[in-house]
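Take a look at the structure set out below.
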Amino acid sequence: MSVPLIVDVDGTLLKTDLLIETFLALLSRKPWKALLTLAELRHGKAAFKARLASLAEIDVSLMPVREEVITFLRAEKARGRQIYLASAADARLVTALSEHLGLFDGVLGSDGKVNLSGAAKADALCARFGKAKFDYVGDSRADLKVWSTCNVALVAGGRGAWRSAIASGQPGVVEIIGSPPRLRDYISALRPHQWLKNVLVFVPAVAGHVLMSTWFGSVLAFVSFCLCASAVYIINDLLDLRADRQHPRKRKRPFASGRVPLIHGAMMAPVLLITAFSLTAFLPRVFAVVLTGYLVLTTLYSFWLKRKVMVDVVALACLYAARVIGGSVATGVLISQWLEAFSIFLFLSLALVKRSGELVDRVNSGRGDPGGRGYRLTDLPVIESMAAASGYLSALVMALYLNSDAVMHLYSKPHRLLLLCVAVLFWTSRMLLKAHRGQMDDDPIVFAARDRVSLGVGTLCLGLVYISL
């Protein structure tokens, strides 16, 4: 009769880490309580894990599993083999996972007093099954102690490098080949397509006709915002794991799908922030203040503001505006009151379009009211009306600006610029219609950067400005 098969959880059976998942789940809903639980570390890791497990709401059914490991376990189960889960995670979470998968004959986990990891796990398994009386599936350095005491060592997760680490103490080594993280998965986690929104930093220089003389400041501001924004996107993805896994598109994101380990995201975010703020040393000091304000506001949005009705869209509009302000202070080009007013209405309209697009998506998919956001599907007509009103007001502000003395001094044929208002009205109306039909991406500016008609409108506007000089 074959010996029992023992399976690790974090990184082996799951593509995620239960401890990090639990902490992030609590941090996203009750940040202060999550930080207070860190005090439990003075009583040891096991006590900390037990405290987190008692406070956080975790749905193990949503967590990504390694299909190659599941396939292997089902084959072993079909042969009549006993299979057990053994994890350093709290026993309550391990039990919940076992009940969900329905493959296991028993579980071992941390109990609030003993942290079942490394040597402690090896001792517990030897005490229960006997030394060299069980096979063990693991994936990391923490499993080396267990591998040295088992019958056959199985390495999951495609980490062939562990073969040499365990071969000296364990002659029988088997690999369960999986797919390790790829470079493009890490790049995807940065959401480089969202960097298109940071093109707004060039608006002050373009509007002031000084782009060629201020390009260095604009480019540096652009890179700083990109790095800072990517760090925030990573933090947001880590905090929204549960919601993303229930979304038809967002569940494919690197962290939600498990393609990139959560711990790597936790390390990437601070590195990106440090780099972003290091670049501010080459720009006016006030730019660092603007970037800090952007970071604070977007962090508040991730933790709190996105759950407040209408406050969230105002915050989104302010985040758009922060990029324009950042471009202004980086280049020393002052923003006119007309541009400020135009930005307020246009960005509020885009934020409302973004929210209406999300509600339309939920209506079309039949998923009901969005959880934790405060909006109802019945709010959609009102939000669409507000988006239209704000967008058309931005066109009105532009029309008033084009009849001001400032324009008369900048352009020799200012009357031609009135066609810009027609272009803005057309583009705004089309964006509203696209959102209403469920054809809008997560962000309107990113959508516009990929949309041929929007790009055509942008080219037309640049042409109008050129022939009006």
Side-chain angles (χ1 to χ4, degrees), residues 1-15 17-19 44-50 53 60 65-66 68-178:
M1 184 175 179
S2 59
V3 299
L5 179 64
I6 316 301
V7 186
D8 182 39
V9 174
D10 297 339
T12 303
L13 180 66
L14 295 178
K15 294 181 181 180
D17 186 296
L18 280 175
L19 175 60
K45 290 183 179 180
F48 174 60
K49 293 175 181 179
V60 295
V65 298
R66 291 195 179 278
E68 67 275 10
V69 176
I70 293 293
T71 300
F72 171 76
L73 295 180
R74 284 176 178 160
E76 293 298 300
K77 190 72 174 179
R79 292 171 50 198
R81 194 173 191 183
Q82 288 189 324
I83 306 176
Y84 294 82
L85 273 182
S87 173
D90 188 78
R92 282 168 287 187
L93 298 178
V94 184
T95 300
L97 180 63
S98 174
E99 293 173 350
H100 167 64
L101 294 174
L103 285 171
F104 305 98
D105 297 286
V107 301
L108 294 88
S110 299
D111 58 5
K113 296 180 180 179
V114 177
N115 182 44
L116 203 71
S117 178
K121 182 187 286 189
D123 292 341
L125 292 176
C126 288
R128 181 161 179 172
F129 303 104
K131 187 173 182 179
K133 298 295 184 181
F134 61 91
D135 296 343
Y136 182 77
V137 188
D139 78 307
S140 68
R141 186 178 300 276
D143 298 313
L144 289 175
K145 291 286 186 181
V146 186
W147 276 323
S148 67
T149 61
C150 71
N151 176 51
V152 174
L154 298 99
V155 184
R159 299 187 179 188
W162 289 108
R163 178 187 292 274
S164 59
I166 64 176
S168 58
Q170 174 53 258
V173 179
V174 178
E175 287 191 57
I176 304 175
I177 303 300

Kindly compute the distance separating CG (L116) from OG (S110), expressed to the nearest 0.5 Å. 5.5 Å
Which heavy atom in R66 sits nearest to a heavy atom in G11, and how many Å separate them? NE-O, 2.8 Å
Could you grab the distance from atom CG of L85 to atom CG of L5, nearest 0.5 Å is fine? 10.0 Å
Are the side chain of D17 and the backbone N or O of D10 linked by a donor-acceptor pair below 3.5 Å? no
Please verify the inter-ring angle class for Y136 with W147; under 30° counts as parallel, over 60° as perpendicular, anything in between as tilted. perpendicular
Once you round to the nearest 0.5 Å, how far does CG of L108 lie from CZ of R128? 5.0 Å
Closest non-hydrogen atoms of L154 and V152, given as atom of the first, atom of the second and distance, are CD1-O, 3.6 Å
Side chain of T71, backbone of E68: donor and acceptor closer than 3.5 Å? no
Grab the two heavy atoms, one from L93 and one from A53, that are nearest each other, plus how far apart they are. CG-CB, 4.3 Å
Any donor and acceptor pair, going by atom type alone, linking the side chain of K121 with main-chain N or O of V146 inside 3.5 Å? no
With rounding to the nearest 0.5 angstrom, report the CD1 to CG distance, I70 to L13. 4.5 Å
So which heavy atom on G138 is nearest to which on T12, and how close? C-OG1, 3.5 Å
Using side-chain heavy atoms (C-beta onward) and a distance below 4.5 Å, is L19 in contact with D90? no
Could you tell me whether the side chain of S87 and the main chain of G109 form a donor-acceptor pair under 3.5 Å? no
Using a strict threshold of under 4.0 Å (side-chain N to carboxylate O), is an ion pair present between K113 and D111? no
Quick check against the 3.5 Å criterion: does N151 have a side-chain atom that pairs as donor or acceptor with the backbone of F134? no
K77, NZ atom: more than 12 neighbouring heavy atoms under 6.0 Å: yes
Nearest heavy-atom neighbours spanning V114 and A120: CG1-CB, 4.3 Å
Taking the side chain as C-beta and beyond, is there a heavy-atom pair between L101 and L73 under 4.5 Å? no
Minimal heavy-atom distance between A156 and V137, with the atoms involved, is CB-CG1, 4.0 Å
Say you draw a straight line from CD of E76 to CG of L103; how long is it, rounded to the nearest 0.5 Å? 11.5 Å
R81 bridged to D105 by N-O distance under 4.0 Å: no
Rounded to the nearest 0.5 Å, what separates atom OG1 in T149 from atom CZ in F129? 11.5 Å
Is the side chain of D143 donor-acceptor paired with the backbone N or O of S140 at a distance under 3.5 Å, no angle test? yes
